[in-house]
Structure formats: C-alpha cells, structure tokens
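To keep things clear, I will list the structure first and then write my remarks on it.
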Amino acid sequence: MEGLLQLLFNGLSVGAVYALFALGYTLVFSVLGVINFAHGAIFTMGAYFTYLLIGGAVGANGLLAGLQFPFALPFWLALPLAGIAAAAVALVVERIAFRPLRDRGSDPLLALITSLGAGVILVNLIQLLVGAESYSIPVGTLGSLPAALSIAGAKVRTVQVMLLAISGLLLAALSIWINGSRSGKALQAVSEDPVTAQLLGINSARVIQIAFGISGFLAGMAGGLVGLSISIAGPYFGIGYGLKGLGVLVLGGLGSVPGAVLGGLIIGLAEACVPADLSGYKDAVSFGFLFLVLLVRPQGLLGRPQANKV
Amino acid sequence: MNGPQAPLLELRNLVVRYGSITALHGINLKVQAGELVTLLGANGAGKSTTLRAISGLIHPVGGEILWHGGLINRLRTERTVKLGISHCPEGRRVLSRQSVADNLALGAWLRRNKVAIASDLERCYALFPRLAERRSQLAGSLSGGEQQMLAISRSLMARPTLLMLDEPSLGLAPRLVAEVMAALSQLHRDGLTILLVEQNAQAALTIADRGLVLEAGSISAGGSAEQLLADNSLQASYLGAN
C-alpha cells in the first residue's frame, strides 16, 4: 500500500512538471498554430538561472568561468525570478524567430525551423557561457526543510512535494487566468480565430507576446524545479524534456489546456510504473503508450477533431 | 483634417496587392456620414479586399484611405476599430466555442462604459430577438441565419461610426436575407453609416442610397440605388440574374 502511494507520488510529481512544460507549448500553439521548438532550451535556461540566483558558481569552463553572484537568494524567490528571466528569453525568441515571419505573411510552418534554430543557438550559448558540465542545486537550498517527509507511511522527498504543489498552483493560476481575465479571453479569441479577434479590436500581436511570456515563465519554473529535483545535466538536458513535452501535448490533444495537464500526469504515472532496474525503458514506455492512444484517438485524449481548425 | 465637409470615409486611387497579384487598381469611393452605400460585383472583383484595406487587415501599396479627411493607410486593425470602423467579415466568423453572450461581449472589447454596453446589448437583442432567446447557447450551434445576426450584432457592440458588412446574405434562405436587410435598413434609418458589400445586388440596392460596381479591381459603374436597379445592361452584365 505504501509502495503504491509512493509510486503515485513519484508519478504525479514528475507528471506535473511535464504538464507545466507541455502547457507552455500549448499556449503558443493555441495562438499561432505552431510548436515553438525553442521551448526546451528556454526550460534549460530557467534551470541555469535558478542555479545562479541561489548563489551557485559557474565551473571552470565557459566564458563565465568562476562567475558567482554576490548574493544567494532563497529558492522560493530564485525560482519565480528565474521564471521571469526565462519569460524574457521567450519574448526575445518571439521577436527574432516568429514575428519577422508573421509580418511578412510567411507560412506559419516556417516558424518551426526558425524556432528550432533559436533553440540550437540558445543551447550553444549556454555551453559557450557556462560550459557543458552538469550542475546540481545543493540540498541545503531548501533551508530548514527536511529532505524527506513521511506521508501516510510513504517516504516522499520534500522536493517532490514542492514540485507537485508548485506545479498545481501554477496550473490553477493559469486556468483562472485563461477563463477569468481580460487577456485570457483575448487569448481564447485569438486562438479560435486571429482575424476575427483583430476585427473586434484585440491587439493580437500583444496577445501573442503574452502567450510567449507566460509560456517562457512556465518553462523556466519547470526547469528550476527539475534542476532542484534531479540536477542540471548540461546544456542539452532540456531536449529530452522537450521531446517528452511534445509527447504529452499530442497525447492530451494539441491546443487543449486540460489535455496538456492530463497528458503530463498520465505520462508521469506511466513512467513511475517502470521498475527501477528497467528504468532505461522509461521513454519507450511513455512513447509506446502515446502510440497506442493515438491509434485509438488520433486527436489525442481531449483534443478536438481536426475539422475544427481550418 | 480637411474641414467639416470631408466625407466620413474616402478612398483615393487605392491600390492593393497580394504578392504579385493586384487586387485593386486604384479605386475611388466616398461614403458620407449617414449614407448606406453598397459595393457590388462578382466573386473576386475586390469587394472584400476593399473592406480589408479599410479595416487595416491588409495595407495598400498605393493611394489613400481617408477617415474624416485624415490618412489612415497604415493603421493596424485594432486602431481602426478604435476610430469607429467595424468590419463584419465574410462568412460570419462567430467564435463558435463561445456563447452568444460572450461573442457579443467581445464585440465591445475596446469599450469601458458598462452601462452603455449593457444598453447596446439590449438594442441588439431587440433588433434580433432570436439572439436573446439563445444568449447562453454556443455560437457554433446556431443556424447560418442566426450566426449572421450574431455577427452583425457583435459588430454593432463596438458602437461603430461606420459599419462595414461583407456579404451578410451569403448562404441564407431568401426569408432570412429579407430579415437581415430589414435590420440593416432599420440601422440606417437610425442614423448609422453603412458600407455594404454584396453579390445579391437586388437585395442590397433595395435598401441602399447609392451603389458602386467593382469589376476586376476597378469601379466600373456607380449611381443612386434607383438608377442602378433600373439599368438593365448593368443587371445583365454584373449583377447576375436576380
């Protein structure tokens, strides 16, 4: 019984991060109809930002070798700040890789290539600046909190509880924002019909920026959380998450916010069910699962049938 | 600004291109405040392009778009809405995943005065009582005619100075065409300036003050609605057998 609870916890905490990650894709997809392939790199940058803000030092490689901020912020402050910094990066990506194409009226699919390019540049930039080694966020970061908690007999790492709690809060905030706020309503209108939204007086360029900003914020927070929970395994560590996030996105249904959350949790749980000695097959299990679902429901679990999107 | 006698809207020598294809070859058009002007012509003549240029969805490569005599060629769409230009697009384009009431609320996007918005909402429901009955229904579940009424109402919710409609009769049964035209005529009598793009010339000219005929990107004929209705050659060549 405790084993099951533990498994559930492991799965949900990983899944919640996947959900955050996939929601970033979803936001941009819903307004532009394309995937932002730089999303994984923005997630990675969020992890590095978090590491630096809590007072971590850059290693011996890279242009910034030995750099350390003269302050060490507590994790609860460093994480949202890293999210904001990642949002800024996402806005730059939008400005450079997306907007020029849109202004010329190019095929939206071209943004796949430019965003992929932006992602490669960001990853290389990280390597250039801080080197390729892995960094881990010290356990002491959480201050006086114990490393593990006992919940109903199951031993759960504090980090996982935080992962789950923070992701849950962000997901709730996001859905309140989308359904309750003025800019959230604008986002829905742009997502359904950008031209009509403009004719109603909605500044769709601004809505797209907001979507990128929030998407980057979520990615940065997810990066910081994963960095804390596991470690930052080098500049490329976002790529695996990027692919996983795409899987989550497709599983849940492209463009569906609840779908991204559901997809994330399901893939997280599916992975947690893989026994430790077979953990090398985790990705095979999650993508195999995705494959099976798509055979039955090509539009994803909560996606709308394609006919809706012109 | 060119003084008080400048028309509400004026197009001078307007040229619009889509890539290498020229859609409008320098058209001229004036709409005075309070008029109902209809722009007629066959498919692909450039009627929709004219409206798209006025509302800033596409920017002209030549000529001038004047609003109260001031140049507005390069304004973005949300700015033209703010000026008082409301463009009800072809094919209705209601937001099908949102309710009738939400669609109408979005029509008032740039307005802040809640009291005025609420009273305009009641006017829309009075104009099209069927929308009031279906206010909480999803817009996608409405019939074509109801969607058209919703699209027109949504444009009215911006409280425009100029209402531009792109083929409101498209795909509607004759009875509904008559209903929509009657509503537009009512709005016109209440003082609203309307630029109506139509293929259904008969229906449009019945309620319009003046008409212009677009042919392959140029204006080929124009005159009062009575003149155009009486012109048999025009009926035959451009306006179809209606």
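Chain A is the first sequence line, chain B the second, and so forth, proteins listed ahead of strands; every chain is numbered from 1.
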Q. Under a 4.5 Å heavy-atom cutoff, which of B:Arg154, B:Arg79, B:Met157 has the most pairs with chain A?
A.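 When all of B:Arg154, B:Arg79, B:Met157 are compared, B:Arg154 has the most.
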Q. Of the listed residues (B:Thr80, B:Ile85, B:Thr77), which shares the most heavy-atom pairs with chain A below a 4.5 Å separation?
A.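 Greatest number of close heavy-atom pairs with chain A: B:Thr77.
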**Q.** A:Gln198 side chain vs B:Leu57 backbone, donor-acceptor pair below 3.5 Å
**A.**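 Judged by distance alone, no pair lies under 3.5 Å.
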Q) Taking only residues two or more places apart in sequence, or in another chain, which ones meet B:Ser55 in a side chain to side chain donor-acceptor pair (under 3.5 Å)? A)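 Result, side chain to side chain donor-acceptor pair (under 3.5 Å) vs B:Ser55: B:His87.
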Q) Are A:Leu199 and B:Val81 close enough, and set up right, to give a side chain to side chain contact (heavy atoms under 4.5 Å, CB included), and what steps lead you there? A) CA-CA 7 Å; A:Leu199 290 177; B:Val81 178; 5.6 Å; no
Q. In terms of heavy-atom pairs under 4.5 Å with chain B, which of A:Gln188, A:Arg182, A:Lys185 leads?
A.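 It is A:Arg182.
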Q. Considering only heavy atoms, which portion of A:Ala186 lies under 4.5 Å from any heavy atom of chain B: side chain, backbone, both, or neither?
A.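 For A:Ala186, the contact with chain B is made by backbone and side chain together.
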Q: State the CG-CZ distance between A:Asn203 and B:Arg76, to the nearest 0.5 angstrom.
A: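 Here the interatomic distance stands at 5.0 Å.
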Q | Spacing of OG belonging to B:Ser96 relative to CG belonging to A:Asp193, to within rounding of 0.5 Å | A |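 CG of A:Asp193 is found 9.0 Å from OG of B:Ser96.
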Q | Segment of B:Leu106 engaging chain A (4.5 angstrom heavy-atom cut-off) | A |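 Answer is both: backbone and side chain atoms of B:Leu106 are under 4.5 Å from chain A.
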Less than 3.5 Å apart, which donor and acceptor atoms pair up between the side chains of residues 86-94 of chain A and the rest of the protein, not counting sequence neighbours?
| from | atom 1 | to | atom 2 | distance (Å) |
| --- | --- | --- | --- | --- |
| A:Glu94 | OE1 | A:Arg99 | NH2 | 3.3 |
| A:Glu94 | OE2 | A:Arg102 | NH1 | 3.2 |
| A:Glu94 | OE2 | A:Arg102 | NH2 | 3.1 |

Q. Is the CZ atom of A:Arg206 crowded by more than 12 outside heavy atoms at less than 6.0 Å?
A.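 For A:Arg206, atom CZ is not crowded (no more than 12 foreign heavy atoms under 6.0 Å).
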Q | Least distance between heavy atoms, A:Gly201 atom then B:Trp109 atom | A |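 Distance-wise, the nearest heavy atoms are O-CD1, 3.5 Å.
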Q. Of the non-hydrogen atoms in B:Arg97 and A:Glu192, which two are nearest, and what is the gap between them?
A.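 Minimum heavy-atom separation between B:Arg97 and A:Glu192: N-OE2, 3.1 Å.
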